[in-house]
Amino acid sequence: MSDYRERKALIGGGAVVWTRTAGAGPQRVLPDGCTDLVWSGTGPEGELIVAGPDTRAHLASGPPGTRAVGLRFAPGAGPAVLGVPAHELRDLRVPLAALWPDAEVRRLAERIAERITGRAAERTAGRAAERIAGRESAPGRVLEEAALGRLRTAEPPDPVLAAIVAGASRGTGVAGIAAAVGLGERQLHRRSLAAFGYGPKTLGRVLRLNRALDLARTGVRFAEVAATAGYADQAHLAREVRTLTGVPLSRLLAAPGG
């Protein structure tokens, strides 16, 4: 069974820092409209990768006990840090070195390695418990610092993104969202591809799925989940869950961490 934890990120804007320790078997990562900057503890020095926005569940695998730490950006926020439109990363896991200059990636990896070994923690804390805590939080803190540095020189965010997310979250149709933000439907689609990795219709499906799962995890009956989350009926909910996650809703909820 894998262990998963998350906390609010220092960069704000709905970003979170998560930590996952792999258990036996692959971990099903569900689409959420987000992009992630990830440090994985595979190999002698670890690995820095970027996880793009998914349209289907991704099965993450690794030897049991392998730790990964990620900085997950809220929908639409990743491109400002990563430097590429979100649609170029859709359904992909790519090395960070494919997006950022080699020297910048090398410095980032070195900073993470230094903090994990405890050299930085040992200089600032004398007790063993503090050193251990420093090593556990090290990759996430370094990823946050790197993101903050890039955000300082990034272009201001597209002012319509928050309204697009809000409309998609409410289940507003494409025409309604376009009218609300003052764009034509084609313009809306192009802006959404660059920010979220897919158009507003797919974004709405992904956000509705996560809303439904949040309800189902609290024990709400599936028929009520369907009605509350905006599905036509329970059968519609079942089809969408299987399409986007690859498994039925009951199996998804029964899985560890489901």
Side-chain angles (χ1 to χ4, degrees), residues 4-22 27 29 32 34-54 58 60-63 65-125 130-157 194-195 197:
Y4 178 85
R5 291 167 289 156
E6 68 177 43
R7 62 169 174 81
K8 291 182 179 179
L10 298 177
I11 66 173
V16 301
V17 173
W18 55 263
T19 302
R20 176 181 290 116
T21 303
Q27 174 72 28
V29 180
D32 55 10
C34 302
T35 51
D36 297 63
L37 176 56
V38 182
W39 173 86
S40 172
T42 54
E45 298 180 356
E47 182 182 17
L48 287 162
I49 62 173
V50 172
D54 292 320
H58 170 78
S61 59
T66 301
R67 189 162 62 103
V69 180
L71 174 58
R72 177 178 300 128
F73 303 102
V81 174
L82 301 173
V84 295
H87 66 83
E88 294 187 11
L89 302 171
R90 185 174 55 233
D91 293 319
L92 295 176
R93 281 19 181 200
V94 301
L96 182 60
L99 308 180
W100 291 6
D102 287 342
E104 186 175 359
V105 176
R106 200 161 47 244
R107 286 194 301 270
L108 181 58
E110 289 170 354
R111 286 165 56 202
I112 291 174
E114 180 184 67
R115 298 210 194 167
I116 288 176
T117 58
R119 290 198 297 268
E122 288 168 357
R123 287 197 295 268
T124 58
E130 291 173 333
R131 293 199 298 272
I132 292 170
R135 288 195 291 273
E136 287 292 314
S137 64
R141 296 294 186 190
V142 176
L143 295 178
E144 288 175 292
E145 291 164 5
L148 283 169
R150 283 199 148 229
L151 285 171
R152 291 189 188 102
T153 58
E155 294 291 326

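Atom set for the values below is all heavy atoms of this structure, side chains included, hydrogens, waters and symmetry mates excluded.
One distance of note links CG of Leu92 with OG1 of Thr35; it measures 12.5 Å at 0.5 Å rounding. With rounding to the nearest 0.5 Å, the separation of OG1 in Thr21 from OH in Tyr4 is 12.0 Å. Here the straight-line distance linking atom CG of Leu96 with atom CG of Asp102 works out to 10.0 Å at 0.5 Å rounding. To the nearest 0.5 angstrom, Gln27 atom CD is 4.5 Å from Arg20 atom CZ. For the atom pair CG (Leu37) and CG (Leu99), the distance works out to 9.5 Å, reported to the nearest 0.5 Å. Remark: Arg7 CZ to Thr19 OG1 distance equals 7.5 Å, nearest 0.5 Å.
Taking 4.5 Å as the limit, every side-chain heavy atom of Trp39 sits out of range of all side-chain heavy atoms of Leu108.
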Test log, rule side chain to side chain contact (heavy atoms under 4.5 Å, CB included), inputs Asp36 and Trp18
CA-CA 10 Å; Asp36 297 63; Trp18 55 263; 2.8 Å; yes
Go through the steps to decide whether Leu71 and Ile11 satisfy the test side chain to side chain contact (heavy atoms under 4.5 Å, CB included), and finish with yes or no.
CA-CA 10 Å; Leu71 174 58; Ile11 66 173; 4.3 Å; yes
Can you list, pair by pair, the side-chain donor-acceptor contacts under 3.5 Å of residues 78-87, counting residues two or more places apart and other chains?
none

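Judged by distance alone, the side chain of Asp32 and the main-chain N or O of Cys34 form a donor-acceptor pair under 3.5 Å. Judged purely by atom type and a 3.5 angstrom limit, Glu6 has no side-chain atom pairing as donor or acceptor with the backbone of Val16. With Arg90 contributing its side chain and Gly197 its backbone, the two residues share a donor-acceptor pair below 3.5 Å.
Counting all heavy atoms, side chain and backbone alike, Thr66 lies closest to Gly41 at CG2-C, 4.2 Å. The shortest heavy-atom contact between Pro139 and Ile116 is CG-CD1, 3.9 Å.
A salt bridge links Asp54 and Arg93; the closest N-O separation between the charged side-chain nitrogens and carboxylate oxygens is under 4.0 Å. Salt bridge present: Glu104 and Arg150 bring a charged side-chain N and a carboxylate O closer than 4.0 Å.
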